[in-house]
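A short write-up of the structure that comes next.
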Amino acid sequence: MSGRVATVRRVKKRQDTAAIPGTGRAGTGGTGTGGATSGAGTGGAGTGGATGRAGTGGGGAGERVTARRVQAGQRESRVAAGLSELERWLADQIGQGIAQARQTGPADWDDLARRLVDAQAPGVAGTVTRLSRVLGAEDWPSLLLGEYALLHLLAVAYRRAAALPEPLRQTVRARVGFPVTRESVLATPAVRDHWDVVGCREEEQDRLVARRVWLAGRTTGRPAMVLAFAPVGRPLDPFPAPGTTIDADLAFYPGASPLRALVAERRGAVDAGPPPGTKVSQVPASIAEVLAADPWTDSWPLVLAGAVPCLDGLADEEGNALPLHPSVGVPWRLLAVSGGRPLTVAAEWTPRGLRPLTAWDEEGRVVRL
Amino acid sequence: MTTGPSGGFPRPVTPPSDGSDRSRRTPGGVAPVPYAEAGPSAGSGTGAVRRGAAAEPTASWEELVSTALVGADRRAVPPESLLERAAEQVVRMRAGRRLSRGAPPAPAAAETLPLVSAAAADRLARMLAGEQSRLLTEWLETAAARRVRVPAEMIPELLDLGAGDRSIRAHLGAVTGARGRWLAGLNSAWAYLLEEPAHVPPGEVWELGTSGDRRAFLAGLRCRDPAAARELLERGWNAETPEDRAAFVTILADGLGMADEPFLEAALDDRRREVRQAAADLLTRLPRSRLARRMTARASRLVTRNGTGIRAEPPEGCDAAMERDGVRARPPAGMRTRGWWLQQVVAHTPLSFWPGHLGMPPDEIARARIGDWEREVRMGWTRAAILQRDTTWARALFVTEQLTDLLAVLPPEERSRRAAELVRSRPVDGQMVMMLGGVPRPWGRHLAKAVLKKIVETTRAQPWNAGELIRLAGERLDPATHEQAGEVPELAATLRFRFEMLKELA
């Protein structure tokens, strides 16, 4: 019993400092580690401490506003120092060569991630922690250089944030790990639509279960991702399963390719059938558009109509294909559902290929993959 | 989605300078990537970067990676500039990834069987996830008998299970339908499924069906018209594969008669041992067959009456004629060679020969002292009783040795009664569980009652000893009795699970 309390307390503390290395960039699309704050939010607790946004408080006394400003200012300079250290570290690595990264990388990255957490840049810390994932791949030098380059780009972008357009500046701050409060997101105009729940994945990271639910708007055509956290062993708030359609208002986190959202108001389920999808041949253009706005995007939901699963990809009837992520292997379940015929498939785009999420078979049955 | 200059990249990505590079990096037939120059709003801060990127020709990604591996310092490249160019390239590659060519498999055939009910499919999914997974075989067997198919997405997991467990393959052949066979054609680990019958409508099955379809077809025909089945076999016999030939011979067991004897006798000359063995096993069930007579002649010399007892003498050698009749020359590990030959001769001799030859009824023979080769001769009779499905002999032999295979020869009611006697007379041990393991579902009234009582006693006295028996009983007892098992919650839960499972599949 006492062990459990201790765990919870530790989690709470982490949420307050927004320092959850595991919950950073992967799959969060538009916003990165703001997840920490939202974790507190979805758990029903308060939004905790550091909001990083002085001046939004309003109601407090002048003193408190000043104190917050000071706090926010301190955080900015700590982050700035941490990221310029990151820039130097990256330059050193590239200067000396990364040939030894398979041996020395994991220890170096843990160390670096710890310093970035101390520097209050948990988003970047999370990205650094996950670098070891590339080492399993045969082309790891190429993947690692790509990751280093994007980290460098992020550090430079933060340094020059003042010159960036506002949405992009928000993207950069979110990826660095500045939290965004639930209240500030809910204060933005919400998007009402019939949202198809197209995918759901739960992952355990750092004693927390992170659940991503991907949605697609019927009328707006917008994708969205709702993130929720719970300590391991505690149930997450229920959310409609893939295959359902909900009439809801979604409020999006700010950013240049906004994806992460909160459900501002849920009006109920709609009986709508399989979601409309795009063609396989349209995917490269739409991904190019997403990346042009937010080059760090490494996850984006897609709903494909008329896709024929192959042993190593998703094709259209002309034979154009999108490759699958190497970790997927042969998508046997998806192949089984298709029987070699086209169907509607929701998948998560990643730079290394698609991860299938959900399929709608000939009879409109929904199959989670 | 935000696009255009204002939502752009923190610094402009310069288009690649040489044309060939460009054609490799940009998506084919897709609107150009909006890498337009960031407007003035990008500010002066990006100027330095732009100069850096534009100053040098665009290096290929491979060059960047190789420089990064050995170290930018060694190649006198500023690391920051390498990282900048790499960032530019990596985003360009990600955004410009072109469609590849896919090779979709040819579509699967249409299904002929209805899908199981949603409740049954749900339960199957739970069982695959680990709940009561020991009952999976019964689920599959029942679904196969009901001629329903499973939802497509569960087929891969089931086929993986079948790859490691032969006992469920025949059921899988039925319940995975056309989709299962289609998948088996795509994955060599699942190719075994093509050997299983799949409930395909007849017609051209014999000419065009899979091995499994053809076996099922032959079995059906044999059941309706034994002679027609044998004649069908004889027509194309030489063109069949050895595996099929062996399987086809086994199918003739149903409706076996002297009319099959010439065909089976000829099969003793088959090139493949499994075929010869299968033919020999069937011929021993025909006391008037040539093989039975040859074996009887051998046996009459080897096993003789000796006063009140029996004397056995193993053969001196295993000649070609014996081998042709299915006697294997090489013994399994740990067996005496001549004893092995003796056992096989006895096993392939019609049991009806012995009472006359030895002047004793079967139950006396089974109890008689034999001397040196007692074990081998008894094993031979046991094997013969199983092969020839002789209930009199099985009953007689079971008295001295409680082999579960002998129980299987007995009619269900008697089987249940004899197993029950055994359960009542002994404490629970590994041997009892193994014996009961050989008694198929459903355990008759007598056995069910005895086992339930034994379980209740054992859980009181030695709870640690009851687990395996409880699990086995859960699988074998009639699930309708779940309410009578209330004293043993684990057992009651399993039986209730089966009760509901069978109701869903009904």
Side-chain angles (χ1 to χ4, degrees), chain A residues 87 90-92 94-99 141-142 145-146 148-150 152-153 156-157 160 163-165 167-168 172 222 256-258 280-281 283-285 287-293 295 308-311 313-315 319-323 330 332-333 335-337 339-341 351 361 365 367, chain B residues 1-3 6-10 27 29-31 33-35 41-46 49 61 64-65 68-74 79-80 82-84 86-87 89-91 94-108 151-157 178-179 182-183 186-187:
Chain A
E87 274 192 72
L90 287 167
D92 277 355
I94 295 299
Q96 293 157 21
I98 59 172
S142 171
L145 176 60
Y148 277 177
L150 288 169
H152 173 79
L153 188 65
V156 173
R160 300 178 189 164
L164 298 178
L168 187 58
V172 169
R222 280 186 77 155
S257 281
V280 165
S281 60
V283 169
I287 289 299
E289 217 176 315
V290 171
L291 286 168
V308 192
C310 315
L311 294 173
L314 286 175
N320 300 309
L322 294 162
V330 178
W332 288 117
R333 267 167 75 86
L335 273 163
V337 173
R341 278 180 280 272
D361 76 1
R365 269 183 347 114
V367 180
Chain B
M1 202 176 308
T2 325
T3 55
S6 64
F9 208 48
V30 161
V33 183
Y35 283 152
S41 66
S44 58
T46 58
V49 180
W61 179 250
L64 292 176
V65 173
L69 268 172
V70 301
D73 295 349
R74 275 221 222 165
E80 292 82 0
L82 189 144
L83 281 166
E84 271 152 20
Q89 289 264 25
V90 78
V91 177
R94 287 179 180 186
R97 187 154 181 180
R98 282 204 277 178
L99 291 164
S100 54
R101 296 300 299 172
E153 68 273 14
M154 298 185 195
I155 297 175
E157 207 178 335
R179 200 59 58 86
W182 179 78
L183 285 165
L186 295 175
N187 185 344

Give, for atom CZ of Arg333(A) and atom CE of Met154(B), the distance between the pair rounded to the nearest 0.5 Å.
7.5 Å

In terms of heavy-atom proximity below 4.5 Å to chain B, should Ala315(A) be classed as side chain, backbone, both, or neither?
side chain

Rounded distance [0.5 Å steps], CD1 in Ile155(B) versus CG in Leu335(A):
11.5 Å

Taking all non-hydrogen atoms of both residues into account, name the closest pair between Ala91(A) and Pro79(B) and its distance.
O-CB, 3.3 Å

Measure the spacing between CG of Leu90(A) and CG of Leu82(B) and express it to the nearest 0.5 Å.
11.5 Å

Please confirm whether the backbone N or O of Leu322(A) pairs with a side-chain atom of Arg97(B), one donor and one acceptor, at under 3.5 Å?
no

In Å and rounded to the nearest 0.5 Å, what is the CG to CG distance from Leu99(B) to Leu314(A)?
11.5 Å

Step-by-step side chain to side chain contact (heavy atoms under 4.5 Å, CB included) determination, Val90(B) to Leu145(A)
CA-CA 9 Å; Val90(B) 78; Leu145(A) 176 60; over 6 Å; no

Under 4.5 Å heavy-atom distance to chain A, tell me which part of Arg179(B) shows up: side chain, backbone, both or neither.
side chain

What residue in Ala86(B), Ala152(B), Ser100(B) has the most heavy-atom pairs under 4.5 Å with chain A?
Ser100(B)

Please name the pair of heavy atoms, one in Asp73(B) and one in Gln96(A), separated by the smallest distance, quoted to 0.1 Å.
OD2-N, 4.1 Å

Side chain, backbone, both or neither: which part of Val65(B) has a heavy atom under 4.5 Å from chain A?
both

Ranked by heavy-atom pairs below 4.5 Å to chain B, first place among Pro141(A), Ala336(A), Gly340(A) goes to Ala336(A)

Minimal heavy-atom distance between Trp332(A) and Leu186(B), with the atoms involved, is CH2-O, 3.7 Å

What part of Ala68(B) gets within 4.5 angstrom of chain A, counting heavy atoms only: side chain, backbone, both, or neither?
both

Tell me, do Leu150(A) and Arg94(B) make a side-chain contact under 4.5 Å, heavy atoms counted?
yes

Sort Val337(A) into side chain, backbone, both or neither according to what part of it lies under 4.5 angstrom from a heavy atom of chain B.
both

Given a strict heavy-atom distance threshold of 4.5 Å, which part of Val280(A) is in contact with chain B: side chain, backbone, both, or neither?
both

